[in-house]
Amino acid sequence: VDLICAISTPAAQAMANATDSIPIVGTAITSYTLAKLMNDEAHPDSNVTGTSDRAPLDKQLALIKEIQPDIKTLGVLYNSSEANSVVQVADLKKACQSRGIQVKELTVNNVNDIQQVAEGFLGKVDAIYVPTDNVVASSIPTLMSVADRGHIPVYGAEVGHVKNGAFASESISFYDIGHRAADILEGKKEVKDLPVEGTPVAHLYINKAEMDKLGIKVPQSVLDRAKLI
């Protein structure tokens with residue numbers, strides 16, 4: 001083949017291990033450097049470039065504060081074996097610190113851990129945030145069964161979480177980052193001339209059924225710019 005498109009970190013790592021000469025365009029990857037695909041995302045130094053699915057944390061936290069201005073503690077659930085999740089949680093903790101929000105992090109190894117581990121949030125957090133974590137994303141309904149019991153709003157990194165039951169998200173668009181990756185695939189430049197790109201646009205989604213179930217009073221300013229699911 002003349003070029004490889006790799007979707008997700010494990011796929012990109014597998015392809016990078018298989019060839020150092022065929023250009024690889026990755027997508028749905030949070031951190032190319034943490035995944036050891038390159039040393040500098042602004043200046044790729046290998047045969048890999050692509051688009052990043054790193055969530056817009058500033059917008060996520062601004063949304064949470066707008067809906068829950070008195071929030072004190074934010075829970076985050078993730079699989080610590082996923083490099084993407086580790087970097088997202090590190091970014092989250094840093095962003096929360098500057099906003100006076102404490103972070104309570106709990107980790108899982110597989111989907112069977114989620115219900116029992118998530119119960120550790122009950123009575124201890126004001127909201128829960130879910131990064132783009134493959135293990136947790138596959139079991140959002142399980143997480144919601146616990147969060148709903150404690151009347152805890154769950155905010156997701158992307159719209160798929162909201163469609164599966166989470167309350168709200170200032171979501172990245174996997175369509176947008178996939179579309180941009182395709183633009184890169186069609187380009188004629190060398191990999192070294194193509195820095196890793198994120199998605200500049202976020203879209204607000206709210207799960208209306210979850211909003212009604214929890215009785216959350218969402219400000220009209222938020223509803224006016226949201227798409228209800």
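Given the structure is predicted, the values throughout are model-derived calculations rather than measurements.
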Inspect the contact between [Y] and [X] and indicate whether a charged nitrogen and a carboxylate oxygen are less than 4.0 angstrom apart.
X: Asp176; Y: Arg180; value: no
X: Lys192; Y: Asp45; value: no
X: Lys104; Y: Asp126; value: no

Look up atom [atom1] in [X] and atom [atom2] in [Y], then write down how far apart they are to the nearest 0.5 Å.
X: Ser171; Y: Tyr205; atom1: OG; atom2: OH; answer: 6.0 Å
X: Leu204; Y: Leu223; atom1: CG; atom2: CG; answer: 8.5 Å
X: Asp91; Y: Leu57; atom1: CG; atom2: CG; answer: 6.0 Å
X: Asn79; Y: Asn134; atom1: CG; atom2: CG; answer: 8.5 Å
X: Leu106; Y: Ser80; atom1: CG; atom2: OG; answer: 11.0 Å
X: Ser46; Y: Ile24; atom1: OG; atom2: CD1; answer: 7.5 Å

Main chain of [Y], side chain of [X]: is a donor-acceptor contact present, judged purely on distance under 3.5 Å?
X: Ser145; Y: Thr142; answer: yes
X: Asp133; Y: Tyr78; answer: no
X: Gln102; Y: Leu74; answer: no
X: Ser52; Y: Gly198; answer: no
X: Asn47; Y: Ile22; answer: yes
X: Glu170; Y: Ile64; answer: no

Non-neighbouring partners of Lys94 that pass side-chain contact (heavy atoms from CB on, under 4.5 Å), sequence neighbours left out:
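Once residues adjacent in sequence are excluded, Lys94 has no partner under the side-chain contact (heavy atoms from CB on, under 4.5 Å) criterion.
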
CA sep, side-chain torsions, deciding dist, call: Val159, His203, side-chain contact (heavy atoms from CB on, under 4.5 Å)
CA-CA 8 Å; Val159 63; His203 306 279; over 6 Å; no

Do you know the tightest heavy-atom contact between [X] and [Y]?
X: Ala166; Y: Asn207; result: O-CB, 3.1 Å
X: Pro23; Y: Val191; result: CB-CG2, 3.8 Å
X: Leu61; Y: Cys96; result: CD2-SG, 3.8 Å
X: Gln68; Y: Pro153; result: OE1-CG, 3.6 Å
X: Met15; Y: Ala6; result: CG-CB, 4.3 Å
X: Met211; Y: Val218; result: SD-CG2, 3.4 Å

For the residue pair [X] and [Y], establish whether any side-chain heavy-atom pair is separated by less than 4.5 Å.
X: Ile206; Y: Val222; value: yes
X: Lys213; Y: Asp148; value: yes
X: Thr132; Y: Gln88; value: yes
X: Pro131; Y: Leu92; value: no
X: Pro195; Y: Glu41; value: no

Determine, stepwise, if the pair Asp70 / Lys65 fulfils salt bridge (Lys or Arg N to Asp or Glu O under 4.0 Å).
CA-CA 7 Å; Asp70 297 326; Lys65 287 284 286 186; over 6 Å; no

Determine whether [X] and [Y] fall in the same hydrophobic cluster, where Ile, Leu, Val, Met, Phe, Trp and Tyr are linked whenever their side-chain heavy atoms lie under 4.5 Å apart.
X: Val146; Y: Val111; answer: yes
X: Val162; Y: Leu77; answer: no
X: Val154; Y: Ile140; answer: yes
X: Met144; Y: Ile114; answer: yes
X: Leu214; Y: Leu122; answer: no

Out of Lys59, Lys217, Arg225, which one pairs with Glu66 under the salt bridge (Lys or Arg N to Asp or Glu O under 4.0 Å) rule?
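Going through the options one by one, the only one that passes is Arg225.
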
Can you list the steps and then say if Arg54 with Glu158 is a salt bridge (Lys or Arg N to Asp or Glu O under 4.0 Å)?
CA-CA 10 Å; Arg54 189 171 295 193; Glu158 57 100 7; over 6 Å; no

Name the one of Val125, Val89, Thr107 that satisfies side chain to side chain contact (heavy atoms under 4.5 Å, CB included) with Val76?
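Of Val125, Val89, Thr107, side chain to side chain contact (heavy atoms under 4.5 Å, CB included) with Val76 is met by Val89 alone.
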
Does atom [atom1] of [X] have more than 12 heavy-atom neighbours, drawn from other residues, nucleotides or ligands, at distances under 6.0 Å?
X: Leu194; atom1: CG; answer: yes
X: Gln13; atom1: CD; answer: yes
X: Asp20; atom1: CG; answer: no

Can you check side-chain hydrogen bond (donor to acceptor under 3.5 Å, both in side chains) on Asn84 and Thr9, steps first, answer last?
CA-CA 8 Å; Asn84 282 348; Thr9 300; 2.9 Å; yes

For residues 135-168, which residue pairs qualify under ring-ring contact (aromatic ring centres under 6.0 Å, His included), counting only residues two or more places apart or in two chains?
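Counting only pairs at least two positions apart or across chains, the ring-ring contact (aromatic ring centres under 6.0 Å, His included) contacts touching residues 135-168 are Tyr155-Phe167.
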
Would you list the atom pairs, donor with acceptor, under 3.5 Å between side chains in residues 29-38 and any protein atom, with sequence neighbours excluded?
{"residue": "Thr30", "atom": "OG1", "partner": "Asp53", "partner atom": "OD1", "Å": "2.7"}
{"residue": "Ser31", "atom": "OG", "partner": "Thr33", "partner atom": "OG1", "Å": "3.2"}
{"residue": "Ser31", "atom": "OG", "partner": "Leu34", "partner atom": "N", "Å": "3.0"}
{"residue": "Tyr32", "atom": "OH", "partner": "Gly26", "partner atom": "O", "Å": "3.0"}
{"residue": "Tyr32", "atom": "OH", "partner": "Thr51", "partner atom": "N", "Å": "3.1"}
{"residue": "Tyr32", "atom": "OH", "partner": "Thr51", "partner atom": "O", "Å": "2.9"}

side-chain contact (heavy atoms from CB on, under 4.5 Å) evaluation trace for Ile101 with Thr73
CA-CA 6 Å; Ile101 301 173; Thr73 305; 5.9 Å; no

